[in-house]
Amino acid sequence: MSAVHPNEPSFRDSVDIMFNRAAGLMDLPPGMQEKIRVANSTYTVRFGVKLRGQIMTFTGYRSVHSEHAEPVKGGIRYAMNVNQNEVEALAALMTYKCALVEVPFGGSKGGLCIDPTEWEEDELERITRRFAYELIKRDLINPAQNVPAPDMGTGAREMAWIADAYKRIKSDDINARACVTGKPRNLGGIAGRVEATGRGVQYALQEFFRHKQDVEKAGMTGTLDGKRVVVQGLGNVGYHAAKFLEEEDGCKVVGIIERDGALVNDGGINVESVKAYIAETGGVTGYPDAEHVRNGSTILEHDCDILIPAALESTINLDNANRIKAPLIIEAANGPVTAGADDILRKKGCVIIPDMYANAGGVTVSYFEWVKNLSHIRFGRMQRRQQESANNLLVDEIEAMTGKSFAAGKREKMLQGADELSLVRSGLDDTMRIAYQNMAEVWHEREHEGVDLRTAAFLISIDRVAETYKSLGL
Ligand code: NAD
C-alpha cells in the first residue's frame with residue numbers, strides 16, 4: 001500500500017466526515033448527531049501468554065459504538081496494525097451497516113495486534129482463548145450483549161475456540177452457542193456463512209445492474225456479463241466475490257492484487273486456480289498464467305469496469321484517487337476509500353457502492369446464525385418435507401389435468417423443499433435487494449443536494465438509529 005498522504009484524515013475521522021456530510025442534511029434534535037457519532041466505550045486489554053519459553057504480551061480491543069439495539073455485533077480482526085482508532089471506526093460502521101440492512105444489532109468491533117502467520121496453530125489457540133476470557137469476563141462476549149464474528153485474519157476456527165471458551169466459563173447458559181457467529185457447522189454454524197460477505201457483494205452488484213438508470217450514471221450499459229473486474233485481496237471476501245462473479249455472472253477478472261504484488265491478464269484470470277496457487281506457495285508471485293506486477297497497488301488504477309477493494313482500509317486515497325479508472329467501485333472491505341478520495345471520485349462521476357451496504361452480507365447471515373442458535377433448530381427442518389409433499393401433489397394434479405409431463409430437471413426443481421442453504425441465500429438476496437432499493441430511492445430523490453449512494457446509506461441509517469433513540473426516550 002502506498003504511504004499515507006499528509007492531508008489524509010485517520011480512518012475514524014474519515015468515517016466521521018462521511019457521517020457529518022449526511023447528518024448535515026438532516027433535521028436531528030439537538031445533540032442527537034453527537035450521540036450517534038461517538039463510540040460508547042472502547043476497552044483495551046493487555047494480557048500475557050507463556051509461549052516459546054517466555055511471557056509474550058498482547059494488546060487487544062473491543063469497542064462498542066452504539067447500544068441502541070442489543071446485542072451489539074462486529075468482527076474480531078487479527079492484524080499488526082490494529083489500534084483504537086481503527087476498531088472505533090469499524091464499530092461505527094457496524095452500527096450504520098446493521099441499521100441499513102435492518103439487522104437488529106448495535107455496532108461493535110474488536111481486534112488483536114498480532115500477525116497470525118507468525119504463530120503455530122496451538123499457539124494461536126492459546127492466545128485466542130486467553131483474549132476471549134478477558135472479553136467474556138467483562139460481558140464483551142455474550143449472546144445477549146456482544147456477539148463477535150470473523151474479520152481479517154480470523155475465521156471459523158477462531159470462532160470455535162471463542163465459543164468453547166465461553167461455554168467453559170458460562171456452562172449453564174443454554175444459549176452459549178449464540179455468543180459468537182461464523183462458527184463451523186458442527187458447532188452451531190449456519191450453511192452459507194463462510195461465503196456470505198462475498199455472496200452479498202455479488203447480490204449487491206446484481207441488484208445495481210437491475211437499475212438501468214444507475215448503471216448509466218456510472219457510464220456503463222448492459223449487465224454484469226463480460227464486465228472486467230479488478231479485486232484487491234483474495235481472502236474470504238475477495239475470493240468469494242470474485243469467484244461467484246466469474247463463475248455465475250460472466251465477469252472477467254483481469255486483475256488480482258495481493259500482499260506480494262498483483263496479477264494482470266486482460267484475457268481473464270481463473271480465480272480458483274490463483275487461490276489454489278496462493279494456498280500452495282503463500283503468494284501470487286510466479287503464478288504462470290498472468291503478468292506479475294511487484295508494486296501491486298498500482299493495479300488499482302488498471303483499466304476495468306468494476307473495482308473491488310476487499311483487503312484493507314484507505315487503499316484508495318488522496319495519492320491515487322485521481323488515477324482510478326474504474327467507473328464503479330464496490331467497497332467489499334471496510335473503509336477502503338478515504339473521505340478525500342471519495343470527494344475526488346464523486347467529482348469524476350465514479351459510482352461507489354459503499355462498504356456499509358456492500359459487505360453487509362456477513363452480518364446478515366451472522367444474524368441468521370444467531371437466530372438459529374437461539375431457536376436451537378436448523379432452518380427448514382420442520383417444513384422441508386411437508387413443502388415437498390405439497391409441491392408433489394400440485395405437480396401431479398397439473399400433469400393429470402393437462403395430460404403433459406414436466407421436463408425431468410424442471411420437475412425435480414419444482415418439488416424441492418427449501419433447505420437451510422437455500423433459505424439463507426434467499427434471506428440474504430432479499431436483504432441486499434431491499435437495502436439497495438431503499439438507498440437508490442433516497443439517492444434519486446436527493447441527488448440535487450449532492451446525495452450519492454454513500455450519503456443515502458448514511459441518511460437511512462442515521463434516521464433509523466435516531467428514531468430508536470427517540471422511542472427509547474433519550
Ligand atoms: P482475510 O484475512 O480473509 O483476507 C484479506 C486478504 O487481503 C488476504 O488474502 C490478504 O493476503 C490480503 N491483503 C492483506 N494486505 C494486503 C495488501 N496490502 N494488498 C493486497 N492484499 C492484501 O479478510 P476478509 O475477512 O476477507 O476481510 C477483508 C475486508 O472485508 C476487511 O476490510 C474486513 O473488515 C471486511 N469484511 C469482512 C467480513 C467477513 O465476513 N470476513 C465481513 C464484512 C467486512
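In each ligand, atom 1 is the first atom listed, and ligand 1 is the first ligand listed. It should be emphasised that the depicted structure is a prediction, and the values quoted were computed from it without experimental measurement.
With a 4.0 Å heavy-atom cut-off, ligand 1 is reached by the backbone of Ala310 but not by any atom from C-beta on. With a 4.0 Å heavy-atom cut-off, ligand 1 is reached by the side chain of Thr197 but not by its N, CA, C or O. Residue-level proximity to ligand 1 for Glu195 is absent, since no heavy atom of it falls below 4.0 angstrom. Residue-level proximity to ligand 1 for Leu90 is absent, since no heavy atom of it falls below 4.0 angstrom. Heavy atoms of Ala196 found under 4.0 angstrom from ligand 1: none, in either backbone or side chain.
The salt bridge (Lys or Arg N to Asp or Glu O under 4.0 Å) test applied to Lys97 returns no partner, not counting sequence neighbours.
Taking only nitrogen or oxygen atoms, main chain and side chain alike, Gly362 does not reach within less than 3.5 Å of ligand 1.
Residue Asn359 has at least one heavy-atom neighbour below 4.0 Å for each of these atoms of ligand 1: 43 (C), 44 (C). Below 4.0 Å from some heavy atom of Leu234 lie the following atoms of ligand 1, by number and element: 9 (O). If you number the atoms of ligand 1 from 1 as listed, the ones under 4.0 Å from a heavy atom of Asp151 come out as 25 (O), 33 (C), 34 (O), 36 (N), 37 (C).
Contact between Gly296 and ligand 1 is absent, with no heavy atom of the residue lying under 4.0 Å from the ligand. For Glu331, the closest heavy-atom approach to ligand 1 does not fall below 4.0 Å. In this structure, Glu313 falls outside the shell of residues with a heavy atom less than 4.0 angstrom from ligand 1.
Between Lys252 and Asp266 no salt bridge is recorded (no basic side-chain N to carboxylate O distance below 4.0 Å). Using a 4.0 Å cut-off between a side-chain N of Lys or Arg and a carboxylate O of Asp or Glu, Glu86 and Arg77 qualify as a salt bridge.
Although no hydrogens or angles enter the test, the distance criterion places a donor-acceptor pair under 3.5 Å between the side chain of Asn20 and the main chain of Asp16. Side-chain atoms of Lys227 come within 3.5 Å of backbone atoms of Thr223 as a donor-acceptor pair (strictly under, hydrogens ignored).
Taking both residues in full, the closest heavy atoms of Lys73 and Val363 are given as CG-CG2, 3.8 Å, listed atom of the first, atom of the second, then distance.
Between Tyr436 and Tyr357, the ring planes lie tilted relative to each other; the angle falls in the 30° to 60° range. Phe47 and Phe131 have parallel rings, their planes meeting at less than 30° on a 0 to 90° scale where 60° marks the start of perpendicular.
Ranked by closest heavy atom to atom 32 (O) of ligand 1, the top entry among Val231, Leu300, Asn334, Asp355 is Asn334. The residue from Pro309, Gly153, Ala311 that puts a heavy atom closest to atom 7 (O) of ligand 1 is Ala311.
Because its NZ or CZ atom is both nearer than 6.0 Å to the ring centre of Phe244 and within 45° of the ring axis, Arg199 counts as a cation-pi partner of that residue.
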